[in-house]
Amino acid sequence: MRFRIKKVINNNILCVTDADGSEMIVTGRGLGFGHKVGEQVDSASVQKTYRMTNPTVQQKLLDLLEQIPYEHFLLTDELVGEIRKRISYPLNESLLITLADHINLCH
């Protein structure tokens with residue numbers, strides 16, 4: 001599968017659309033390096049995909065990713081993954097944003 005780049009956030013994060021036109025955020029080391037809006041990127045080079053069901057939450061994540069270091073986002077994603085493994089109920093999708101913002105502010 002291939003994604004079309006909607007916005008290059010940094011060398012590691014892209015905002016893309018899939019074949020259906022759905023927007024998502026994809027990450028991977030060096031994924032955005034040298035790419036421009038409108039180009040296609042192969043899903044094989046994507047490490048993680050983030051597709052929020054709420055467009056407002058999706059935009060908040062996009063805005064946050066433009067402001068925080070990639071390493072803070074990776075740490076937050078790892079923490080949220082561990083939390084999901086340990087609890088039996090669904091988490092609010094905005095937890096990733098809230099926690100990443102908090103970690104960034106505490107740094």
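One distance of note links CG of L65 with CG of L96; it measures 8.0 Å at 0.5 Å rounding. Going from atom CD1 of I83 over to atom CG of L91 covers 6.5 Å, rounded to the nearest 0.5 Å. The CD atom of Q67 sits 12.5 Å away from atom CG of N10, with the distance rounded to the nearest 0.5 Å. Atoms CD and CG, on Q59 and N54 in that order, are 11.0 Å from each other to the nearest 0.5 Å. Residue I13 holds its CD1 atom at 8.0 Å from CG of L61, rounded to the nearest 0.5 Å. The distance from the CG atom of L79 to the CG atom of L74 is 11.0 Å, given to the nearest 0.5 Å.
Screening residues 20-30 for side chain to side chain donor-acceptor pair (under 3.5 Å), with sequence neighbours left out, gives K6-E23.
Y50 and I5 are assigned to two separate hydrophobic clusters, defined by single-linkage of ILVMFWY side chains at heavy-atom distances under 4.5 Å. Criterion: ILVMFWY side-chain heavy atoms under 4.5 Å apart, direct or through other members. Under it, L99 and I97 are part of a common hydrophobic cluster. Side-chain heavy atoms closer than 4.5 Å link hydrophobic residues (I, L, V, M, F, W, Y) into clusters, and following such links, even through other members, never connects V8 to Y70. Grouping the Ile, Leu, Val, Met, Phe, Trp and Tyr side chains by contacts below 4.5 angstrom, directly or via other members, places V37 apart from M24. Residue V41 is not grouped with residue L62 when hydrophobic side chains (ILVMFWY) are merged at heavy-atom distances under 4.5 angstrom, including chains of intermediate members.
The two residues G30 and N12 have their closest heavy-atom pair at N-OD1, 2.8 Å. Across every non-hydrogen atom of M52 and V57, the tightest pair is CG-CG1, 4.0 Å. Contact between A100 and I68 at its shortest, heavy atoms only, is CB-CD1, 4.0 Å.
In this structure, L105 stands alone, with no Ile, Leu, Val, Met, Phe, Trp or Tyr side-chain heavy atom under 4.5 Å from its own, directly or through other members.
Sparse packing is recorded around CD of E78, with 12 or fewer heavy atoms of other residues, nucleotides or ligands lying under 6.0 Å away.
Residue V46 is tested with L31, V16, L14 for a side-chain contact (heavy atoms from CB on, under 4.5 Å); the sole match is L31.
A donor-acceptor pair under 3.5 Å is formed between the side chain of R4 and the backbone N or O of G38.
With sequence neighbours excluded, no residue satisfies ring-ring contact (aromatic ring centres under 6.0 Å, His included) with F3.
Counting heavy atoms from C-beta outward, D77 and K48 have side chains that approach closer than 4.5 Å. Residues D63 and K60 have side chains not in contact (no heavy-atom distance under 4.5 Å, counting atoms from C-beta outward).
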